[in-house]
Every structure is written in C-alpha cells, then in structure tokens.
Amino acid sequence: AGARMLFGRRFVSLEASGEGLTFAVERIREGGTEGTYAGTVIGADGAFSAVARTAGWPRLATLPVVQATVRLPADLPQDTTRIWFIPEDTPYFYWLIPESPTRGVLGLIGEDRQEARQRLGRFLERRRLEPIEFQGARIPGYARWVPIHQRVGQGDVYLVGDAAGQVKVTTVGGIVTGFRGALGVAEAILNAGASRELTALRRELNLHLLIRRALHHFAQKDYVGLLDLLNRSAQRSLGAHTRDEAGKLLWRLCLLRPRVLLLGLRAFLTARSQRRP
Ligand SMILES: Cc1cc2nc3c(=O)[nH]c(=O)nc-3n(C[C@H](O)[C@H](O)[C@H](O)COP(=O)(O)OP(=O)(O)OC[C@H]3O[C@@H](n4cnc5c(N)ncnc54)[C@H](O)[C@@H]3O)c2cc1C
C-alpha cells in the first residue's frame, strides 16, 4: 500500500478503458492535461462534482449560504455561537460565529440566493452590525440518499461528502457526515460493497430529513414552545450528544420530554396535510 499526492491538478473527465478507467487532469499552473489510469476513482470534489457529472450522476439540488464578516458585538463572548430563529426570513436560522477575538461571521441559509442576500442585509441593519465582507456559497440540500457507487465500463466510481449530498439537512452541515461517507467508501471497497458505516450514515441523514420536515414549517410560537420544553435534564442531554448523533439525541429528548415528540409530530402532519416538502 502507499499513496502519492498530486497537487495543482483539476479533474476534467473520465472514461472506461480496458479493465479500469482513464481520467484526465488539467495542470493548473503549467497548463496542459495529463491522463492517468485507475481501477477505482473516488470523487470528493464538492457540491458541483465533476466526477459525478462525467460518471453519469444527476446534478444535486443546492441551497444558498450567504454570510458577512462583522465586528463581534460587545455582549458576545468569543467562545459562544449565537443563533436566531426567524421563520419569516428563513426556515433554517441565522448564526453568528466568532472567528477571532474581534470578528465573527453572521449568515443564513436560504432557498433563493438573492432573497437570502437581501434578508441578510436587512438583518445586519436591524442589529446595527456593519458588514466588513460578504461571502456566498452553495451546499447540497439532502432530499434522499444518493447511491455512492457506479460502474463505468469495468471500473468503479464512488462519491463522498458534498459530491454525494451527504449533508445533514437540519443544520445543513456536511463536515462530519462527509468524513463518515469517506470511511464508508473505504469499507465498501475493502468489503466488496458492504459497509456498516454507510448504512448508519444513511439512517442518520434520513433522520435529519425527517426532523427538517417538522422544523421547516415551525412558526415562532413553535420554537418558543420547544424551548419552553427544554428543562435542565433535557438541556444536559443536548449538551452530551452532538448534532451528528440525531438518533441518540432525539431518543433521550423524547424520553425526558415526551411532548417534544408531540410537537414534532404535529408540525410534520400539518406539513403533510398541506402537501409541503
Ligand atoms: C459558509 C459555509 C459554512 C459552513 N459551515 C459548516 C459547519 O459549521 N459545519 C458543517 O458541518 N458544515 C459546514 N459547511 C458545509 C461544509 O463546508 C461542507 O459540507 C464540507 O466542506 C464538504 O466537504 P467535501 O470535502 O465533500 O467538499 P468541499 O469542502 O467542497 O471540498 C471539495 C474539494 O474539491 C476540490 N475540487 C472541486 N472540483 C475539482 C476538480 N474538478 N478537480 C480537483 N479538485 C476539485 C475543491 O477545490 C475542494 O477543495 C459550511 C459550508 C459553507 C459554504
């Protein structure tokens, strides 16, 4: 075994060739392309994965993220993240995350980029926060499990991370789930396709989708109701499990505060009866 890292190259295309795949990479600095041969190719090239496109996966739906760098307000400790739930602006949330002793990033996930950008501007004005710089990006919005493997001729192509839409759609975060996807692909390659990690990841992502379906139509009063239900033991449980352990977290929370389940169920059924996503 061993590995060779090749930097400064951009993947361009791949095609079936003999018993494997040839793929072309572009040399970014020097210019020109070079061809390489492999039996297996793993695409970890993000939401707009060129590996996925050339191997025949359909394009993923993505959500816009917009954020601004701001000076930290005086009342925000450097080790604290602040979030706001404002369902009229976004079914997700606004965040303010300190990134240095004096600065932080304030942003939101929206459904339309331009609208999200306008809302961010208005939010900054209302909070009297001066934007230093704006940033924008797109993240896949997980809607269903994306098969991570495809045969191209006699070669194998796999996807991991954002390229496979492995993003938990409650918070639209894909760092931990992307690493789990990478571990799962390694298992699948070593075990002729079988991977416990991928089965567990799929379950996790689907659970986040279920929670998102309930949260997506929460009104302000529902968030207030939810926060009111979080007594000390429920808060301790939230502190003990990460957001990447939704199953454990939800199970503990429902045991401690069964009304959380009722609240979620009601929101979920309301969304279904109105045929909303
Ligand atoms: C503003 C913002 C804040 C976020 N905050 C969080 C957070 O707090 N928590 C969280 O869990 N997630 C967060 N996310 C999401 C998280 O960043 C992604 O889910 C995660 O980075 C996905 O990792 P990845 O390696 O699959 O893809 P990426 O991080 O997108 O990496 C893909 C890599 O592939 C390279 N690449 C692309 N095309 C090619 C090509 N043709 N050839 C060669 N290389 C190529 C790119 O240059 C890049 O380096 C945030 C995203 C954004 C935009």
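Start at 1 with the first residue, then count along the sequence. Just so you know, ligand 1 is whichever comes first in the structure, and atom 1 is the first atom listed for that ligand.
In the vicinity of Ala137, heavy-atom distances shorter than 4.0 Å reach the ligand 1 atoms 53 (C). The atoms of ligand 1 that sit less than 4.0 Å from any heavy atom of Arg10 are 40 (C), 41 (N), 42 (N), 43 (C). Which parts of ligand 1 touch Ile139 is read off a 4.0 Å heavy-atom cut-off, strictly below it: atoms 15 (C), 50 (C), 51 (C), 52 (C). Within ligand 1, the atoms closer than 4.0 Å to a non-hydrogen atom of Gly161 are 26 (O), numbered from 1 in the order shown. Counting atoms of ligand 1 from 1 in the listed order, those under 4.0 Å from a heavy atom of Arg9 are 43 (C).
Counting heavy atoms from C-beta on, the side chains of His217 and Pro91 never come closer than 4.5 Å. Contact annotation: the side chain of Thr90 never approaches that of Glu111 to less than 4.5 Å [non-hydrogen atoms, C-beta and beyond]. Residues Leu108 and Val66 are in side-chain contact: their nearest non-hydrogen atoms beyond the backbone lie under 4.5 Å apart. For the pair Leu14 and Val157, the minimum side-chain heavy-atom distance is below 4.5 Å.
Defined by atom type and a distance below 3.5 Å, a donor-acceptor pair is present between the side-chain atoms of Gln67 and Gln135.
Considering both main-chain and side-chain atoms, Val167 never comes within under 3.5 Å of ligand 1 through any nitrogen or oxygen pair.
Between Arg27 and Glu34 there is a salt bridge, since a side-chain N of the basic residue sits under 4.0 Å from a carboxylate O of the acidic one. Ion pairing of Asp112 with Arg119 is absent here, as no side-chain N (NZ or NE/NH1/NH2) approaches a carboxylate O to less than 4.0 Å.
Assignment of Gly178 to the shell around ligand 1 is not supported, since no heavy atom sits closer than 4.0 Å. Not a single heavy atom of Arg138 sits closer than 4.0 Å to an atom of ligand 1.
Of the protein's heavy atoms, at least one falls inside 4.0 Å of atom 11 (O) of ligand 1. Note that atom 4 (C) of ligand 1 has no protein non-hydrogen atoms nearby, at separations under 4.0 angstrom. For atom 29 (O) of ligand 1, the nearest protein heavy atom lies 4.0 Å or farther away. Within the 4.0 Å cut-off (strictly below), no protein heavy atom is located near atom 46 (C) of ligand 1.
Side-chain atoms of Glu133 never come within 3.5 Å of backbone atoms of Ala68 as a donor-acceptor pair (strictly under, hydrogens ignored). In this structure, Glu204 contributes its side chain and Ala246 its backbone to a donor-acceptor pair below 3.5 Å.
For the residues Ile175, Val172, Val12, Val176, the heavy atom positioned nearest atom 9 (N) of ligand 1 is part of Ile175. Atom 24 (P) of ligand 1 has its nearest heavy-atom neighbour, among Thr177, Thr81, Asp162, Ile28, in Asp162.
For the pair Arg138 and Phe48, the cation-pi test (distance below 6.0 Å, angle within 45°) is failed.
Counting heavy atoms closer than 4.0 Å to ligand 1, residue Ala44 contributes backbone atoms (N, CA, C, O) but none from C-beta onward. If you look at Gln67 next to ligand 1, the close heavy atoms, those under 4.0 Å, all belong to the side chain.
Atom 36 (N) of ligand 1 has as its closest protein heavy atom Asp45 CB, 3.8 Å. When hydrogens are left out, the protein atom nearest atom 2 (C) of ligand 1 is Val65 CG1, 4.3 Å; that is the closest non-hydrogen contact. Nearest non-hydrogen protein atom to atom 41 (N) of ligand 1 is Phe11 O, 3.1 Å. Of all protein heavy atoms, the one closest to atom 27 (O) of ligand 1 is Gly46 CA, 3.7 Å.
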What's the verdict on side-chain contact (heavy atoms from CB on, under 4.5 Å) for Tyr92 and Val172, showing C-alpha distance, side-chain angles and the deciding distance?
CA-CA 9 Å; Tyr92 300 89; Val172 196; 3.6 Å; yes
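Taking the six-membered ring wherever Trp is involved, the centroid distance between the rings of Tyr94 and Phe123 falls below 6.0 Å.
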